[in-house]
S.K.: 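Quick one: the structure is below, and I'll ask about it shortly.
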Amino acid sequence: MADNALVLLVSALVLAGAGALIALALRWRRRRRRVRGNPNPARDYAPRSAWGPTSGKLNFSSFVFMDVDGDGIYGQADRPMAGIAVRLFDEQGRFLALARTNPAGFANFPMSSKRRSAAIRASGTYRFSVSVPPGWRASGANENQLVRLAEAPGSLVGLVGEGLPGPVGLTPSRTVSGRMPVGAAATLSVMGRGKVLESHALGPAAAFRFPVSGEADQVAIADGGLDRRLALSAYPAELGLLAPGALRSGPLWAGAPLITIGFDDVTTRGLCKIPSGHAGVDWYNLNAMARDHTKNSEGYVNGNVSGAYIAYTSSGHPAEFARAAPFGFHSVMLTAAWLGSEGETALVESWLGTSRSRATRSRCRRWPRFTTRRC
């Protein structure tokens with residue numbers, strides 16, 4: 001009796017193995033046919049006759065962008081943001097999946113009525129929730145959106161949405177911050193279109209930080225030998241330690257023209273060391289790189305504010321730029337390159353001849369941070 005059971009077991013295993021080999025052979029045959037193609041041209045452009053769900057998946061995506069002008073609309077000046085966390089919930093509020101935006105700004109959620117691995121598998125109302133980074137806000141107040149999906153038996157994945165989630169714009173909450181020197185007091189005025197919007201008294205050796213309204217375009221500092229006017233951008237402005245008398249004459253005076261140095265004209269390749277002489281300045285350990293040259297680097301994407309190239313310091317080693325003739329270092333955009341480097345601190349030192357005139361520390365983030373520096 002035991003021998004008969006053993007024979008039956010072996011026979012079943014042989015039959016199962018033979019069936020698997022036949023199925024595998026047929027699969028490879030179909031694959032070879034697809035690669036080789038059909039010699040008959042009659043159906044080269046034939047309309048599809050069999051409609052219905054397949055075993056494939058489609059991405060249902062949420063798009064996140066840096067809203068430069070803060071109007072809540074994705075416009076020509078705005079730029080996709082990478083690494084932003086987006087969560088998916090079903091209509092009962094149950095958490096289903098988390099996806100981060102790719103370098104193009106899309107957080108992708110696979111959708112299929114047949115694939116168990118898909119994040120979206122059935123009809124219903126789904127909530128897409130964008131996690132807004134600290135210090136930022138959703139300019140369109142649409143970080144949470146509901147989207148209805150319905151069954152569509154004739155579609156590729158068996159489901160169809162009434163529409164995609166609308167683009168979510170993120171903009172930083174603008175602030176002006178810095179530190180006062182010992183023994184000096186001044187007044188900081190926030191201005192918009194030539195008019196004073198608000199004023200703040202700055203005491204000796206005090207640190208300050210003030211929120212800035214959307215209509216503000218300039219700050220003016222008066223008294224204490226600190227007189228200066230600085231243009232504001234769409235990002236927070238950190239003024240560092242204010243130095244008395246730095247702007248009274250020469251290349252650092254308040255009326256000196258500002259020149260923006262970019263890196264799009266350094267190379268057409270993905271990566272290139274910045275040569276000395278670029279923009280009339282000598283460069284050390286700084287490289288020009290296309291924003292999407294390095295895979296999955298959120299900082300290179302989010303720190304790019306114009307064109308397609310950024311400058312980065314190789315492996316985090318110190319970098320320098322200099323010129324024989326004195327010049328004023330007005331401002332720079334600083335970001336950390338990777339998600340794992342969130343919270344790093346950058347030390348910016350300014351030298352005039354052999355004497356160090358300034359040393360300022362700035363906390364780096366993956367999200368762009370506008371910092372203003374003066375030599």
Side-chain angles (χ1 to χ4, degrees), residues 62-86 101 105 129-145 165-179 186-202 207-222 226-240 242 254 258 260 262 298-299 301-307 330-335 362-374:
S62 177
F63 178 72
V64 184
F65 65 96
M66 185 191 303
D67 193 355
V68 175
D69 54 12
D71 63 355
I73 300 172
Y74 182 56
Q76 293 182 343
D78 301 326
R79 311 182 74 80
M81 291 192 72
I84 301 297
V86 182
T101 55
S129 179
V130 174
S131 179
V132 180
W136 290 66
R137 63 181 180 86
S139 54
N142 62 340
E143 62 269 35
N144 289 287
Q145 298 185 51
V168 178
L170 300 181
T171 186
S173 301
R174 295 202 304 168
T175 58
V176 173
S177 58
R179 291 178 294 132
T187 300
L188 182 147
S189 298
V190 180
M191 307 184 69
R193 296 185 178 182
K195 297 181 179 180
V196 176
L197 303 177
E198 55 184 283
S199 295
H200 302 273
L202 307 179
F208 59 89
R209 183 183 182 88
F210 306 113
V212 178
S213 61
E215 61 268 30
D217 55 23
Q218 191 179 74
V219 293
I221 300 175
L226 304 172
D227 296 63
R228 66 197 68 192
R229 287 175 181 263
L230 299 173
L232 296 175
S233 73
Y235 312 102
E238 183 183 318
L239 307 181
L242 301 179
L258 295 178
T260 300
E298 302 89 356
V301 175
N302 299 338
N304 176 237
V305 294
S306 65
H330 178 275
S331 58
V332 63
M333 175 75 77
L334 297 176
T335 64
S362 177
R363 183 181 178 187
C364 291
R365 309 177 181 188
R366 285 179 301 129
W367 327 118
R369 183 178 180 86
F370 188 85
T371 58
T372 303
R373 305 282 184 257
R374 286 283 179 176

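Values reported hereafter were calculated over all heavy atoms of this structure, with side chains retained and with hydrogens, waters and symmetry mates removed.
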S.K.: Indicate the atoms forming the closest heavy-atom contact of Leu197 with Ser213, along with that distance.
M.R.: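 Taking every non-hydrogen atom into account, CD1-OG, 3.9 Å.
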S.K.: Any chance you could measure Arg228, atom CZ, to Leu239, atom CG, to the nearest 0.5 Å?
M.R.: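 Going from the CZ atom of Arg228 to the CG atom of Leu239 covers 8.0 Å.
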S.K.: Ignoring hydrogens, what is the shortest heavy-atom contact between Pro167 and Tyr74? Give both atom names and the distance.
M.R.: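 Smallest interatomic distance, heavy atoms only, reads CB-CB, 4.5 Å.
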S.K.: Look at the side chain of Arg174 and the backbone N and O of Pro211, then say whether any donor-acceptor pair between them is shorter than 3.5 Å.
M.R.: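 A pair under 3.5 Å: no.
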S.K.: Return yes if some donor-acceptor pair links the side-chain N/O of Gln145 with the main-chain N/O of Gly166 below 3.5 Å, else return no.
M.R.: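 Yes: the side chain of Gln145 pairs with the backbone of Gly166.
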S.K.: Looking at Gly169, is its backbone amide N or carbonyl O close enough to the side chain of Ser139 to form a donor-acceptor pair, meaning the two atoms are under 3.5 Å apart?
M.R.: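 Pair found, side chain donor or acceptor close to backbone of Gly169.
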S.K.: What distance separates Leu188 CG from Ile221 CD1, expressed to the nearest 0.5 Å?
M.R.: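 Reported to 0.5 Å precision, the distance equals 5.0 Å.
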S.K.: Does the pair Arg137 and Glu143 meet the rule for a side-chain contact (heavy atoms from CB on, under 4.5 Å), with working shown?
M.R.: CA-CA 9 Å; Arg137 63 181 180 86; Glu143 62 269 35; over 6 Å; no
S.K.: Compare every heavy atom of Val168 with every heavy atom of Ala138, then report the nearest pair and how far apart it is.
M.R.: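 The pair with the smallest heavy-atom distance is CB-CG1, 4.5 Å.
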S.K.: Any chance you could measure Met81, atom CE, to Phe63, atom CZ, to the nearest 0.5 Å?
M.R.: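 Answer rounded to 0.5 Å: 11.0 Å.
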S.K.: Answer with yes or no whether the side chains of Asp67 and Thr171 bring together a donor and an acceptor at under 3.5 Å.
M.R.: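 The criterion, which ignores hydrogens and geometry beyond distance, is not satisfied for Asp67 and Thr171.
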S.K.: Can you check side-chain contact (heavy atoms from CB on, under 4.5 Å) on Val196 and Val190, steps first, answer last?
M.R.: CA-CA 6 Å; Val196 176; Val190 180; over 6 Å; no
S.K.: Regarding Ser199 and Ser189, do their side chains bring together a donor and an acceptor under 3.5 Å, going by distance alone?
M.R.: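 Distance-only check passes for Ser199 and Ser189.
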S.K.: Please verify the inter-ring angle class for Phe210 with His200; under 30° counts as parallel, over 60° as perpendicular, anything in between as tilted.
M.R.: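 Aromatic pair Phe210/His200 classed parallel.
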S.K.: Testing the basics here: between Ser131 and Ile84, what is the closest heavy-atom pair and its distance to 0.1 Å?
M.R.: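 Heavy atoms of Ser131 and Ile84 come nearest at O-CG2, 3.9 Å.
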S.K.: Taking Asp217 for the side chain and Arg193 for the main chain, is one N or O donor matched with an acceptor at less than 3.5 Å?
M.R.: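 Judged by distance alone, yes, a pair lies under 3.5 Å.
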S.K.: Between CZ of Phe208 and OG1 of Thr175, what distance do you get to the nearest 0.5 Å?
M.R.: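 Going from CZ on Phe208 over to OG1 on Thr175, the span is 10.5 Å.
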S.K.: Working to the nearest 0.5 Å, report the span between CG of Asn302 and OG1 of Thr101.
M.R.: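 Rounded to the nearest 0.5 Å, the CG-OG1 separation comes to 7.0 Å.
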S.K.: Could you measure the distance from the CG atom of Leu226 to the CG atom of Leu202? Nearest 0.5 Å is fine.
M.R.: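 Between Leu226 CG and Leu202 CG, I get 8.5 Å after rounding to 0.5 Å.
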